[in-house]
Amino acid sequence: MYLIDGKAVAAQMKKEISEEVLDIKKAGGKIPHLAAVLVGHDGGSETYVANKVQTCEEVGFKSSLIRYEEDVTEEELLACVDSLNKDADIDGFIVQLPLPNHISEQKIIEAIDYRKDVDGFHPINVGRMSIGLPCFVSATPAGILELLKRYEIATKGKHCVVLGRSNIVGKPLAMLMMQKAYPGDCTVTVCHSRSENLKEMCCHADILIVALGVPEFLKADMVKDGAVVIDVGTTRMPSSTTKSGYKLTGDVKFDEVSPKCSYITPVPGGVGPMTILSLMRNTLLAGKKSIFG
Ligand code: GUN
């Protein structure tokens, strides 16, 4: 069994991006600039956004954090998106989700200029991804593909089972794993909370990607010997043994599943660290105008 070390791959990607930023600086080019919009004070969102801003600093990007209180109106947020769309210094920006219930997330996402949509959530980016055109690919799926690539994991002709159908992870991953490319060329099955024969499907998987958000959902009797298991779960479980008071728990019962796998990602230290670096890479591509000119 090989452990897929997302922390090490993310560190390598960070080094590669930093070197490219240095080259841009030396050549007198424009430093990539990422803006993040954060609404309210949700603990998870605060941490994610703080990590994104800090990673920008570490790779040499400019970053801006725009904060609103929970009671910001949809109009105010749309006006913010509009001004970021028009700001020539901002190469890419994200609006951290989830948003409060009185704001339509879809309306906000669709207001973002797709050329600055480094989250890859805009329907133009999602549509282009689904037909294999250049686009911003959302960060978690892109990070998973990067791990498969850097570990040279064979995907062609394999049966990939994706557990979860979210717009951010499950759906884009299913599209990417079936695309005519490497990583890709898989036969893909998507299972979700309403699937009747989920265990049977999992047992047929060569590659299992678990993105349900249900802690320790995947047990050993759901996994074929030699399978590749990618755990996207990051549920915060209360813990008395950590300083933060919580422990990140994956969707895979790691202790019993890992001995059966050829490759597996741990939680933490697997998919998680890759997500931010994928966002950084999208920001670099936005800064260089590599995708949409
Ligand atoms: N909330 C959880 N993951 C993400 C993400 O990748 N981007 C944004 N904008 N919000 C999120």
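Values below: all heavy atoms of this structure, side chains included; hydrogens, waters and symmetry mates excluded. Ligands are counted one by one from 1 in listed order, and the atoms in each one are counted from 1 as well. Just so you know, these numbers come straight off a predicted model, no measurement behind them.
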- Might you work through the side chain to side chain contact (heavy atoms under 4.5 Å, CB included) test for Y68 and L77, ending with a clear yes or no? CA-CA 9 Å; Y68 288 97; L77 209 51; 3.8 Å; yes

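A donor and an acceptor atom, one from each side chain of E57 and S63, are located under 3.5 Å apart. Using modelled atom types, one finds a donor on one side chain and an acceptor on the other under 3.5 Å when comparing E76 with T73.
Taking the six-membered ring where the residue is Trp, the centroids of F292 and Y114 are separated by under 6.0 Å.
Only the backbone of V95 comes within 4.0 Å of ligand 1, counting heavy atoms alone; no side-chain atom from C-beta on gets that close.
Looking at D91 and K288, no side-chain N of the basic residue comes within less than 4.0 Å of a carboxylate O on the acidic one, giving no salt bridge.
No heavy atom of Y48 sits closer than 4.0 Å to any atom of ligand 1.
Closest protein heavy atom to atom 1 (N) of ligand 1: L97 O, 2.9 Å.
The only member of L208, V252, I264 that meets side chain to side chain contact (heavy atoms under 4.5 Å, CB included) when paired with V223 is L208.
Taking distance alone, with nitrogen or oxygen atoms compared against 3.5 Å, Q96 approaches ligand 1 more closely than that limit. The shortest N or O to N or O distance between I94 and ligand 1 is not below 3.5 Å.
Which of I112, V37, D119 comes nearest to atom 9 (N) of ligand 1 through a heavy atom is settled by distance: it is D119.
Against a heavy-atom cut-off of under 4.0 Å, F121 is close to the following atoms of ligand 1: 5 (C), 6 (O), 7 (N), 8 (C), 9 (N).
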